[in-house]
There are 2 protein chains.
Amino acid sequence: MTERSGRRPAAVVAVTVDLVIFTVRQDRLHVLLIERGNEPYLGRAALPGGFVRHGETLDQAALRELREETALDGRQLHLEQLHAYSEPARDPRGRIITVAYLALGPDLPLPVAGTDAAAARWTSLSSALDGGVPLAFDHAAILRDGLERARSQLEHTTVAAAFCPEPFTVGDLRRIYEAVWGFKLDPSNFRRKVTRTEGFLEPTGDRRVPEIGRPAALYRRGPASLLIPPLLRTGDVTLP
Amino acid sequence: MTERSGRRPAAVVAVTVDLVIFTVRQDRLHVLLIERGNEPYLGRAALPGGFVRHGETLDQAALRELREETALDGRQLHLEQLHAYSEPARDPRGRIITVAYLALGPDLPLPVAGTDAAAARWTSLSSALDGGVPLAFDHAAILRDGLERARSQLEHTTVAAAFCPEPFTVGDLRRIYEAVWGFKLDPSNFRRKVTRTEGFLEPTGDRRVPEIGRPAALYRRGPASLLIPPLLRTGDVTLP
DNA sequence: GTATTTTGAGTCAAGCTGACCTTTAGCTAG
DNA sequence: CTAGCTAAAGGTCAGCTTGACTCAAAATAC
């Protein structure tokens, strides 16, 4: 910051973190939404989140909210900062800036009851985005940005594996991609791609026998984090 | 945010924006640094920036700072939000969160004198990052993140053209890539790539006669913003 | 005119992609 | 026991892109 700081009064604001927590259940992308128990937007659906406390970094606040809302410790899932939203009128209570985080995790245990959070539930992305479930504040825009980031991350990184409880099969992983991107992938070509990418998948040696079909080899997440080259070349993805 | 907001005291913080402004001069990447005229870090080099004012969005604050520091209107250059930095001890004056922005522009007119900003100057990335010019606050980390983002953006988008004053040649554009990425590209293959990417370059029909060498065709920026597929497949870039 | 420099076009082997086909391994129905 | 079903796993192949390379074109300097 510049020395201008001493002359103009600094705008003092409150800062929150909001979480876009994605998971895939029944082959469809879901987001964790809570029902607001206070004004404003009482009763409306919203992204989980809360105020940043004194002495806390944004990352720490996001991890704390994640733990409080989902009883997840955050060490098992992917968490990254998404964007800061600052429209002065975005919160009727006053000047509140929020920093959104994107979290990707396997089909998580449902949020614990009994916390001070109102009812939290997994909502399919289609219901959350088509206007059937109106969201509080600017959370619809945040959700759209989170979806866009998640789709991009799947193409360029190995985070898709964060959606899969270990161990998982190549088919499990492919269904993650299909749920997030919204279209089918060729199973054979997908397998060739992910198994040839060094460090993406580590075979456990075991197999899983499904109810129908041939048994599939099981894998763990490997050490690689980047997908080079990316998974697709045609970069257009359609909304669900 | 959740209803928890009403029970716990919200941490009230000041928010600043800091700008990582890159340009390419003499085939080398440069960043705009100011010399601090106030405590803390009096006399140290720092990224330009300042406090967000009341009723102002972060984007507006970043554009305003950009205008104040560089006399640029921001309509000609690329500006995007980079990351929010929130380490409680990052500013000795107290709890100050900063949202960093990345700006890419052509070799800009040097910052106007006479503003309340202290001396501002273009600093080569090598001097700014090798420790020869220690930066105030956590600005060294912000600068590294900005460089990483800029390198990634060049690979996946057409923002490299934002570094070039129009009209420009394919060689001009290639030298941008070489300066930001820190290695040479094959001129012939680079030309094939960028001219075949639909909407990247629009020929003006004119040519530019250089001091030495064959005249080069001139181009304007096209409407495309994404590079599909990306420019490289080997994704490793070395620091300057 | 010759040397030099940069642009611009072309060649070619190697590798990857997307589309498609075949086989394998388990289950279930009859 | 066999036939049929499903999904996994592996293979084929034309077409495209890439990276390395060569070569011609257009200007200036000497």
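Labels below follow one simple rule: chain letters A, B, ... track the order of the sequence lines, proteins then strands, and each chain is numbered from 1.
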What pairs with [X] under side chain to side chain donor-acceptor pair (under 3.5 Å), at least two apart in sequence or on another chain?
| X | value |
| --- | --- |
| A:Arg149 | A:Glu80 |
| A:His30 | none |
| A:Asp130 | none |
| B:Arg192 | B:Asn189 |

Check whether any side-chain heavy atom of [X] sits under 4.5 Å from a side-chain heavy atom of [Y], and report yes or no.
| X | Y | value |
| --- | --- | --- |
| A:Leu47 | A:Leu19 | no |
| B:Val180 | B:Phe163 | yes |
| B:Thr157 | B:Leu226 | yes |
| A:Val31 | A:Ile21 | no |

Would you tabulate the nitrogen or oxygen pairs shorter than 3.5 Å linking the protein to nucleotides 12-14 of chain D?
none

For DNA chain D, which residues of residues 200-213 of chain B approach it to below 4.0 angstrom with any heavy atom?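 Under 4.0 Å from DNA chain D: B:Arg207, B:Val209, B:Glu211, B:Gly213.
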
Near DNA chain D, under 4.0 Å by heavy atom, which residues of residues 162-171 of chain A?
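Result for residues 162-171 of chain A: A:Gly171, sorted by number.
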
* To do: Name all pairs fulfilling the ring-ring contact (aromatic ring centres under 6.0 Å, His included) condition that reach into residues 189-213 of chain A, sequence neighbours left out, sorted by first residue then second.
  =>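 ring-ring contact (aromatic ring centres under 6.0 Å, His included) check on residues 189-213 of chain A returns A:Tyr177-A:Phe190.
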
With sequence neighbours excluded, what pairs up with A:Tyr85 under the ring pair (Phe, Tyr, Trp, His ring centres under 6.0 Å) test?
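Result, ring pair (Phe, Tyr, Trp, His ring centres under 6.0 Å) vs A:Tyr85: A:His83.
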
task = With heavy atoms under 4.0 Å as the rule, sort B:Arg174 into base, sugar-phosphate or nothing.
result =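 Sugar-phosphate: the residue B:Arg174, judged by heavy atoms under 4.0 Å, touches backbone atoms but no base.
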
query = Do side-chain atoms of A:His139 reach the backbone of A:Ala46 as a donor and acceptor pair under 3.5 angstrom?
reply =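 Absent.
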
Original post:
Is a donor-acceptor pair below 3.5 Å formed from side chain B:Ser188 to base D:dA20, judging by atom type as modelled?
Top reply: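 Result: no qualifying N/O pair found.
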
| query | Side-chain donor or acceptor of A:Arg214 under 3.5 Å from a matching atom on the base of D:dA9? | reply |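 Side chain to base: no pair present.
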
| task | Kindly write out the residues that satisfy side-chain contact (heavy atoms from CB on, under 4.5 Å) with A:Ala179, not counting sequence neighbours, or none if the list is empty. | result |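 side-chain contact (heavy atoms from CB on, under 4.5 Å) check on A:Ala179 returns A:Val24.
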
Problem - Spacing between A:Arg191 atom CZ and C:dT23 atom C1', to the nearest angstrom - result: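 About 13 Å, once rounded to whole Å.
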
**Report entry** Pairs involving residues 158-176 of chain A, ordered by first then second residue, that meet side chain to side chain donor-acceptor pair (under 3.5 Å) (sequence neighbours left out)
**Finding:**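 Counting only pairs at least two positions apart or across chains, the side chain to side chain donor-acceptor pair (under 3.5 Å) contacts touching residues 158-176 of chain A are A:Thr169-A:Asp172, A:Asp172-A:Arg175, A:Asp172-A:Arg208, A:Arg174-A:Glu178.
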
**OP:** Rounding to 10 degrees, work out the angle separating the end axes of the helix from C:dG1-D:dC30 to C:dG30-D:dC1 (five pairs an end).
**Re:**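 One end's axis against the other's: 0°.
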
